[in-house]
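Atoms within each ligand, like the ligands themselves, are counted from 1 in listed order.
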Amino acid sequence: MSNYHIKNLEEYFQVYRKSIRNPEGFWEEVAEEHFMWHKKWDRVLDWDFTKPEVKWFEGAKLNITENCIDRHLRIRGDKTAILFEPNDPKEEAQHISYAQLSERVNKFANVLKAQGVKKGDRVCIYLPMIPELAVSVLACARIGAIHSVVFAGFSSTALATRINDCDCKMVITSDGSYRGAKTIDLKGIVDEALEQCEGVETVLIAKRIHSDIEMKSGRDQWLEPLLDEASADCEPEIMDAEDPLFILYTSGSTGKPKGMVHTTAGYMVYTAYTFKNVFQYREEDVYWCTADIGWITGHSYIVYGPLANGATTVMFEGVPSYPDFGRFWEIVEKHKINQFYTAPTAIRALAKQGTELIENHDLSSLKVLGSVGEPINEEAWHWYNDNIGHKNSPIVDTWWQTETGGIMITPIPYVTPTKPTYATLPFPGIQPALMDENGKEIKGNQADGRLCIKFPWPSMARTIWGNHQRYKDTYFSAFENMYFTGDGALRDEVGYYRITGRVDDVIIVSGHNLGTAPIEDAVNEHPAVAESAIVGFPHDVKGNALYGYVILKNFGETRNQDNLRKEINQMITEQIGPIAKLDKIQFTQGLPKTRSGKIMRRILRKIASKDTSNLGDTSTLLNPEVVQDIIDNAL
Ligand code: WTA
């Protein structure tokens, strides 16, 4: 029996049990049957969570792009690999076949080589959702360069931090990007960032909006003429299983962003295997994930997972609201989408628009609906199920993280009975545990605790770039011999998991992870600000929104408070990006602090959520009197 495609619940349990009893045998079988190796592994797994060190398929040699492209050429050369849907619905969609993708990736890889990029070099990719983004990612992988994609909504300061953290020698960008009715000057943002990045030698620029941009001689080059001249043959670099494939930054609760390092073989095997099963992908299907490749969801489930299965994967450049809120459904109808994977925040925004914009589209092609990035609330789940799936397309609520590389807890559609707001059961190979506050595992069902994973899985991040100690401290120190996710979860009476949210100072706003500390740092940069504290509060579209408590240096500040609020949000936009802007800013004279000077965020969170009935004992605070004052002036 092949493990590769799980077809019913009994088989799921069988496969799951096997994957736990003999993880090495299980993953070896998956890896043996479905991929192209230059040399197979000497050892399937070597691990030690105390160091922590994890190695999968050690000794194996491969190139992931041969698995995502070359091996499909004979049987699927003419099949569409990437279906590009532009921002403007009047612009024609592009169907890029596997054969064309091969040519484009090889040419791009040769351009990188000609520019001096070698195996192990870091290349920063700062591009909108245009085909060059996927192509450049794959071109890096082709030659063994480590890509570091930075979401093109990040500011120049955020971009510079990420470029410098992993010493990128090249940046790939475009002259600009379209976003609904707006255009964005991406090249200008790159220019600004590079004022702080000495290590960058070359900037390659794709043409997208045909704007007039400044070219810095000796550094900037248009991509097109270089591609035109490049050869369409590029021998893949043969990589070791554990060679880094990419770095992707994610926010921590404190400090600078963490460059999560993913390696080659395990990541490939896991993303391919999960893609096939979680979306029940069949050869003729057209699959669409609405994420941006700048996030892990795009890496694993727009690029690598789908292409490793020879799938047709849609890349959408635009936004759900342009030209109107019917755009997603128009695309589903136009390309006869079979699997649709999006975020709860998009579902909630679309649900607000009513159903007229859905009813005039034929959504009957849909077979599977996915959700990712944050907990999906009951109302949004039902809206999605009723209006988009018409109760015929199972919803896969997939829980996972940048760090996990692939989907960890999820229903398998048509296999696992779904339950609103529950991510349900662990994927084969995944061994979750719920831990109590004393570090003990809570066994049995109907439990509630901190979500950990007990055993390694192939696509887990191996380290934080340049800071292995931080990797250990963040993920392997809270609980002995466990990977700690940072999330809370509960397990119901049948063993289904429901993710309840972050238990640290990371706030998920519209599906984007934001650390409070970096935002506070940005706010504190404003000359009028003395101190600040940021917490999340529930928001009906974004899931969470940000509430800032700000102490001004001069409380009697005579400037207009609304102007100050605008300036503070402007600081945040410059330092991080518009996604981190505060919804509410309350000016206050003090912040509740413990005697050791720590801000009591628990109290601030409650006030921001308008839940002041049970603030707990505030008498031990250094300054209990500020609490009432903050409540009285809450927004
Ligand atoms: C949250 C995104 C509830 C969770 C793939 C996690 C979820 C963080 C779900 C990782 C889900 C993701 N239900 N919460 N289905 N999926 N999360 O790194 O808090 O951008 O720790 O990876 O998103 O976000 P990241």
Side-chain angles (χ1 to χ4, degrees), residues 149-151 153-154 246-253 257-262 267 270-271 274-275 278 289-305 341-348 369-378 380-381 384 395-411 416 418-427 430 432 450-453 459-461 464 474-475 478 483-491 496-515 536 538 542-544 579-580:
V149 181
V150 176
F151 171 60
F154 276 117
F246 65 87
I247 300 168
L248 186 62
Y249 286 87
T250 187
S251 308
S253 44
K258 298 172 287 192
M260 305 312 305
V261 178
H262 283 281
Y267 176 82
Y270 194 80
T271 53
T274 45
F275 173 77
V278 174
C289 165
T290 69
D292 192 292
I293 293 174
W295 309 113
I296 192 69
T297 306
H299 280 62
S300 302
Y301 299 109
I302 296 178
V303 182
Y304 289 114
Y341 191 27
T342 196
T345 187
I347 298 167
R348 288 187 296 260
L369 303 177
S371 172
V372 61
E374 56 185 311
I376 179 165
N377 51 306
E378 187 119 16
W381 195 97
Y384 200 23
I395 296 177
V396 289
D397 178 359
T398 63
W399 173 83
W400 59 296
Q401 311 177 293
T402 304
E403 294 86 337
T404 69
I407 294 169
M408 303 286 279
I409 302 182
T410 179
T416 319
T418 58
K419 176 174 176 182
T421 76
Y422 281 75
T424 74
L425 296 171
F427 195 76
I430 303 307
R450 306 197 158 203
L451 179 62
C452 289
I453 314 289
S459 66
M460 62 190 293
I464 292 175
T474 312
Y475 304 107
Y483 165 82
F484 174 45
T485 64
D487 283 323
L490 58 84
R491 193 163 48 218
Y496 274 18
Y497 287 86
R498 175 188 189 167
I499 313 303
T500 47
R502 301 291 309 184
V503 295
D504 56 11
D505 286 327
V506 171
I507 304 172
I508 305 193
V509 178
S510 300
H512 303 317
N513 290 8
L514 299 170
K542 303 187 205 178
N544 294 295
I579 50 178

Side chain, backbone, both or neither: [X] near ligand 1, heavy atoms under 4.0 Å:
X    : value
H512 : neither
I499 : side chain
I296 : side chain
I508 : side chain
E374 : backbone

Donor-acceptor pair, distance only, cut-off 3.5 Å: does the side chain of [X] make one with the backbone of [Y]?
X    : Y    : value
H299 : W295 : yes
T345 : G511 : no
T421 : I376 : no
T271 : G406 : no
Y270 : I407 : yes
T500 : G488 : yes
Y301 : I296 : no

Ignoring angles and geometry beyond distance, decide whether [X] reaches within less than 3.5 Å of ligand 1 through its nitrogen or oxygen atoms.
X    : value
T297 : no
G373 : yes
T398 : yes
T402 : yes

Within a distance under 4.0 Å of any heavy atom of [X], pick out the atoms of ligand 1 and give their elements.
X    : answer
P375 : 3 (C), 13 (N), 14 (N)
V372 : 5 (C)
N513 : 10 (C), 18 (O), 20 (O), 24 (O), 25 (P)
D397 : 11 (C), 13 (N), 15 (N)

State the CG-OG1 distance between L514 and T250, to the nearest 0.5 angstrom.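 Going from the CG atom of L514 to the OG1 atom of T250 covers 9.5 Å.
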Among all protein heavy atoms, pick the one closest to atom 6 (C) of ligand 1 and tell me residue, atom and distance.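 For this ligand atom, the closest protein heavy atom is D487 OD2, 3.1 Å.
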Which one of W400, W399, Y497 has a non-hydrogen atom at the shortest distance from atom 2 (C) of ligand 1?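 Residue with the shortest heavy-atom distance to the ligand atom: W400.
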Can you find a side-chain donor-acceptor pair between W381 and D397 that sits under 3.5 Å?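 No, no side-chain donor-acceptor contact under 3.5 Å.
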Taking the six-membered ring for Trp, are F154 and Y249 ring centroids under 6.0 Å apart?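 For F154 and Y249, the ring centres are not under 6.0 Å apart.
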